[in-house]
Amino acid sequence: MGSNFYKRTRGIVTRGAIVATTDNSPVPWADPFPSRLLLISIVYFASIAVEQDLAVSRIWWFHPMRRRPLVIAPSEHMERGAGKNQNSRLCFLVLLSAFFWILLLYFHFAVLGGQSDDESIKLNPQDGPVDLPVVRKFAPSRVVDAPKVDVRSIREPPQPPQPVDRQPKFTAETEIQKFSFVKALKTVENKSDPCGGRYIFVHDLPSRFNEDMLRECKSLSLWTNMCKFTTNAGLGPPLENVEGVFSDTGWYATNQFAVDVVFSNRMKQYDCLTKDSSIAAAFFVPFYAGFDIARYLWGYNISTRDRASLDLVNWLEKRPEWGIMGGRDHFLVAGRITWDFRRLSEEETDWGNKLLFLPAAKNMSMLVVESSPWNANDFGIPYPTYFHPAKDADVFNWQDRMRKLERKWMFSFAGAPRPDNPKSIRGQIIDQCKKSKVCKLLECDFGESKCHSPSSIMQMFQSSVFCLQPQGDSYTRRSAFDAMLAGCIPVFFHPGSAYTQYTWHLPKNFTRYSVFIPEDDIRKRNVSIEERLAQISPEQLKLMQEEVINLIPRLVYADPRSKLETLKDAFDVSVQAITDKVTKLRKDIIEGHTDDNFIEENSWKYALLEDGQREVGPHEWDPFFSKPKDGDSNDASAEAAKKSWKNEQRDKS
C-alpha cells in the first residue's frame, strides 16, 4: 500500500502539470498551480514519515524474540524504546502541524483569494472581446507529446485588461445604446428593408384636432363654404374638361388652403407606416392647424385662437414618443402662410395665434405653404394645384402633352395691382404687359371672374413661354405652381417667392428652371421684361422648359385614394426631406456635432448650403431679407396675412 501510494505521488510531483502518472491512470485532482504542488509534496513527505513509523512498530511487534522476556532494566528499556518512537512521532507531529497550517493558508489565499481575483478581472462586456487561455477542467486519459510547461510563465500574475477608448463613436455599440432612437437608426443601415430609415409613426390624436373640424366645415371660413372643398379626401369637386384644357381624369377644384387634409389623407396611404415608435424615423402629428386658425382669425380673442394649439402641445408632451427627442423628430402640416401662426404679442388686435412661438412647437417642424426666412422651425411645401394624378401614366401623359404645345405668348401675367402697397411692382408689370404685343394679361380685379376660373388660368399658362410671378400679399403665390404645371417657365422678382422657400422641391440652381429679375430692376431702373427675356437663346429656352416639365411630379399632390407606382409627388418629397433631416440630427447628436454658430435669423441661408457645408456668410440676397425691427416685422407679417384674407373675401364676393 505504501509503495503504490509513493509511486502515484512521485509521478504527480515530478511531472508537475502533466496529469498522466506512471501507470497511465487519470488523476482528476491533478493541478498545475504551484500552491497545490506544494500541498502534494507535504502529503508525500508525511506519508514517508508515517511509513517509517509503521515500519518500526512492525519490527517491534512481530520480532521473534518478543515473547521471550529479556532481562533488561526498566530504565534502559524505556530509554531505548522511547528514543526511537519519540523521534519518529515527534517528526510526524511536526509534519502534521505544518500540513494543517499549509491547508489553512492554502484555503485563505487560493480559495478565498482566488474568488477576489476572479471578481477583479471580470470583463466589462463593453470592453470588447479579450483573448483568454483555454483551461480544460478535466484532462484526457492519454496525452501524446504533451508540451513542456514553463513554470516561470505559470507563476506570472495575470495582466490587467488594456484600457479601452471610450470616446463617442457612431459605430461604437456600447456608446450609442443610451440613445432611445438607436434602433431607428439601425434600420437605415438595413439595406434589405425597403422601409429602412423611412418609417413614420402617426399620432392617434383626439378627433377635436382634425375630424371634428371637417364635420363643422361651414365654420372653417368666414366667406367660403369649405364643405365642398373637403370632399374627395380634400381635393374638392371634380373639374369638368369642357374646353379641353385638362386631362379627362385627375382634375379637381382644390382650395389653395386645403393641404392639411390632402397631406393627412396621403399619409394614410404611405407604405412605411409603423406602430412601433422605436423604429420610427419621424412622427407625424395630423393636426389641421390651418383649418383651426381659419375659424378664429376674425372676431375672436387670443385665448380662443390659442386654445387648440396649447391643447395639442399639452397632449403631445404627455406622450412617451415625445420624450425620445423632445419633439425634434415630430412634424405637422398647415396649409397656410407662416405669419398666421406667429403672433408676437398678447394684444387682442394682433394677428393669428402663437403656435410656432410655443416652446414645444419650436422643436417640431411645421410644413407650411410659405415659411419665414428668419425662423428655423418651418419649411415651405408647394401649394396644391388642380391636378391630382392617380397613377404614373396620368403624369406621363400630361408631361408629353405640355411638351407638344405651341405657345403663342412670350410671357403672361394673372393678377391684380396693389395700389395700397408702395413697394409692390405689380402696377409696373401690368403696364409693361399692356404695352407689349407678346404679353397676355389676365387682370384679377373686382368683378373679373376669369381670374378665378381654373380653366381660364391654365389655358393662359399653357399658351405662354414665361409666366410672371411677382410677390402677392406675401412672398409666395399659388399661381407659380399652376404655371409650372402648365410647362410655363416662371419669372421671379424676389428670392423669397420660391428660391428660399421650396428648397426640397426645386433645384438649388434656379437658373435651370426659372428667370430671376430683381424687383429694383423694375421699380427703380424700369428694366424691360420683354427685352430681358428675349436675350435667352432658343437652346437655353428649350432646356429650361424641359426642366420645368420634369419637375411636375414633385410639385403636385397625388390622389390620396390611390398611389403612384414609381414617381414621387410633393408629399413623398416632403416626407423624405423630414426623415433625412431627423436622421442627420440623430447622427449629429451621437457624434457630438453641435451647431454653436447657428444664427436663426439667417435660416434662409442655411437652406441654400451644399451638402457638408455648415457655415454661412454674406450673400447677394441679403438686401431682400434684411429683417425689420421686431415691432415692424410683426406689423408687416400681420398686415400681409390680413391682406391675404381680404383678397379671399374679395374673390368670393
Side-chain angles (χ1 to χ4, degrees), residues 200 202 233-235 254-270 282-291 293-294 330-342 355-356 361 364-373 375-389 469 472 474-485 490 492 495-508 510 513 551-560 564 567-582 603-604 606-608 644:
I200 297 294
V202 180
L235 304 183
T254 307
N255 186 276
Q256 65 174 336
F257 299 125
V259 74
D260 305 57
V261 183
V262 175
F263 201 99
S264 294
N265 285 324
R266 278 285 284 112
M267 183 64 75
K268 295 176 183 178
Q269 300 295 329
Y270 186 61
F283 296 81
F284 178 58
V285 182
F287 172 48
Y288 295 164
F291 284 175
I293 190 58
H330 283 55
F331 72 104
L332 68 159
V333 175
R336 302 204 60 83
I337 60 177
T338 187
W339 316 114
D340 290 335
F341 311 98
R342 293 191 177 278
L355 171 59
L356 285 176
M364 292 191 289
S365 298
M366 189 159 173
L367 312 188
V368 290
V369 293
E370 178 179 315
S371 63
S372 166
N375 298 98
N377 61 335
D378 57 357
F379 302 87
I381 59 173
Y383 284 88
T385 65
Y386 304 112
F387 183 43
H388 304 282
Q469 301 297 333
S474 59
Y475 289 131
T476 61
R477 304 179 71 205
R478 170 183 177 162
S479 173
F481 295 97
D482 291 333
M484 287 188 279
L485 176 60
F492 296 110
S497 295
Y499 306 148
T500 62
Q501 288 285 342
Y502 311 108
T503 55
W504 294 346
H505 300 78
L506 298 175
K508 290 182 180 179
F510 60 87
Y513 69 93
L551 287 173
I552 289 176
R554 303 169 61 87
L555 306 180
V556 299
Y557 295 92
D559 192 325
L564 300 180
L567 298 176
K568 289 186 176 181
D569 70 341
F571 167 86
D572 294 319
V573 174
S574 301
V575 172
Q576 183 66 53
I578 282 291
T579 56
D580 289 345
K581 172 180 175 290
V582 174
S603 294
W604 64 271
Y606 291 97
L608 303 177
S644 176

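Residue numbers count from 1 along this sequence. Side-chain atoms are counted along with the backbone in the values below, which use heavy atoms only and exclude waters and symmetry mates.
Remark: the Ser479 side chain and the Gln469 side chain contain an N/O donor-acceptor pair separated by less than 3.5 Å. Between the side chains of Asp580 and Gln576, at least one donor N or O sits under 3.5 Å from an acceptor N or O.
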Exercise. May I have the step-by-step check of side chain to side chain contact (heavy atoms under 4.5 Å, CB included) for Asp260 and Leu332, ending in yes or no?
Key: CA-CA 9 Å; Asp260 305 57; Leu332 68 159; over 6 Å; no

Exercise. Begin with the C-alpha distance, continue with both residues' side-chain angles, and end with the deciding distance and a verdict on ring-ring contact (aromatic ring centres under 6.0 Å, His included) for Phe510 and Tyr499.
Key: CA-CA 7 Å; Phe510 60 87; Tyr499 306 148; 4.3 Å; yes

Quiz item: What's the verdict on side-chain hydrogen bond (donor to acceptor under 3.5 Å, both in side chains) for Ser371 and Gln501, showing C-alpha distance, side-chain angles and the deciding distance?
Solution: CA-CA 6 Å; Ser371 63; Gln501 288 285 342; 3.0 Å; yes

Self-check item: Derivation of the side chain to side chain contact (heavy atoms under 4.5 Å, CB included) call for Ile381 and Tyr557
Solution: CA-CA 11 Å; Ile381 59 173; Tyr557 295 92; 3.7 Å; yes

Exercise. Take Val333 and Met366, measure what side chain to side chain contact (heavy atoms under 4.5 Å, CB included) needs, and give me the verdict at the end.
Key: CA-CA 6 Å; Val333 175; Met366 189 159 173; over 6 Å; no

Practice problem: I would like to know whether Thr338 and Asp378 meet side-chain hydrogen bond (donor to acceptor under 3.5 Å, both in side chains); could you show each step before the answer? | Solution: CA-CA 7 Å; Thr338 187; Asp378 57 357; 2.7 Å; yes

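Rounding to the nearest 0.5 Å places CG of Asp340 at 10.0 Å from CG of Leu356. Interatomic distance, CZ of Phe387 versus CG of Asp559, reported as 10.5 Å (0.5 Å rounding). The line from CG of Asp572 to CG of Leu567 is 9.5 Å long, rounded to the nearest 0.5 Å. From Trp339, atom CH2 reaches atom OG of Ser474 across 9.0 Å, with rounding to the nearest 0.5 Å. Separating the CD1 atom in Ile578 from the NE2 atom in His330 is a distance of 12.0 Å, to the nearest 0.5 Å.
Atom NZ of Lys568 has 12 or fewer heavy atoms from other residues, nucleotides or ligands within 6.0 Å.
For the pair Arg478 and Tyr386, the distance from NZ or CZ to the six-membered ring centre is under 6.0 Å and the angle to the ring normal is within 45 degrees.
With hydrogens and angles disregarded, no donor-acceptor distance shorter than 3.5 Å links the side chain of Glu370 to the backbone of Arg336. Using modelled atom types, no side-chain atom of Asn377 and backbone atom of Ser365 make a donor-acceptor pair closer than 3.5 Å. Not one N or O on the side chain of Thr500 forms a donor-acceptor pair closer than 3.5 Å with the backbone of Trp604. Looking only at distances, no side-chain donor or acceptor of Asn375 sits under 3.5 Å from a matching main-chain atom of Ser372. One N or O on the side chain of Tyr502 and one on the backbone of Val369 form a donor-acceptor pair closer than 3.5 Å.
Between Phe331 and Phe263, the ring planes lie perpendicular to each other; the angle is over 60°, past the 30° to 60° tilted range.
Here the closest heavy-atom approach between residue Ala498 and residue Phe492 is recorded as CB-CZ, 3.5 Å. Contact detail for Thr254 and Gly234: the closest heavy-atom pair is CG2-O, 4.1 Å. Counting all heavy atoms, side chain and backbone alike, Asp569 lies closest to Ala558 at OD2-N, 2.9 Å. Leu555 approaches Pro382 most closely through the heavy-atom pair O-CB, 4.0 Å. Scanning all heavy atoms of the two residues, the minimum distance from Ala289 to Phe341 falls at O-CE2, 3.5 Å. Of all non-hydrogen atoms in Ser574 and His505, the two that sit nearest each other are OG-NE2, 3.1 Å.
Side-chain contact between Lys508 and Leu608 is absent, with no heavy-atom pair separated by less than 4.5 Å. A heavy-atom distance below 4.5 Å is found between the side chains of Tyr513 and Leu506. Side-chain atoms of Thr385 and Met484, non-hydrogen and from C-beta on, never get closer than 4.5 Å to each other.
Of the listed residues (Val261, Val262, Asn265), just one forms a side chain to side chain contact (heavy atoms under 4.5 Å, CB included) with Leu235, and that residue is Val262.
Judged as a side-chain contact (heavy atoms from CB on, under 4.5 Å), and not counting sequence neighbours, the contacts of Arg554 are Leu551, Val573. Scored by the side-chain contact (heavy atoms from CB on, under 4.5 Å) test, Pro286 finds Val202, His203, Leu205, Asn210, Ser264, Phe284 as partners (sequence neighbours excluded).
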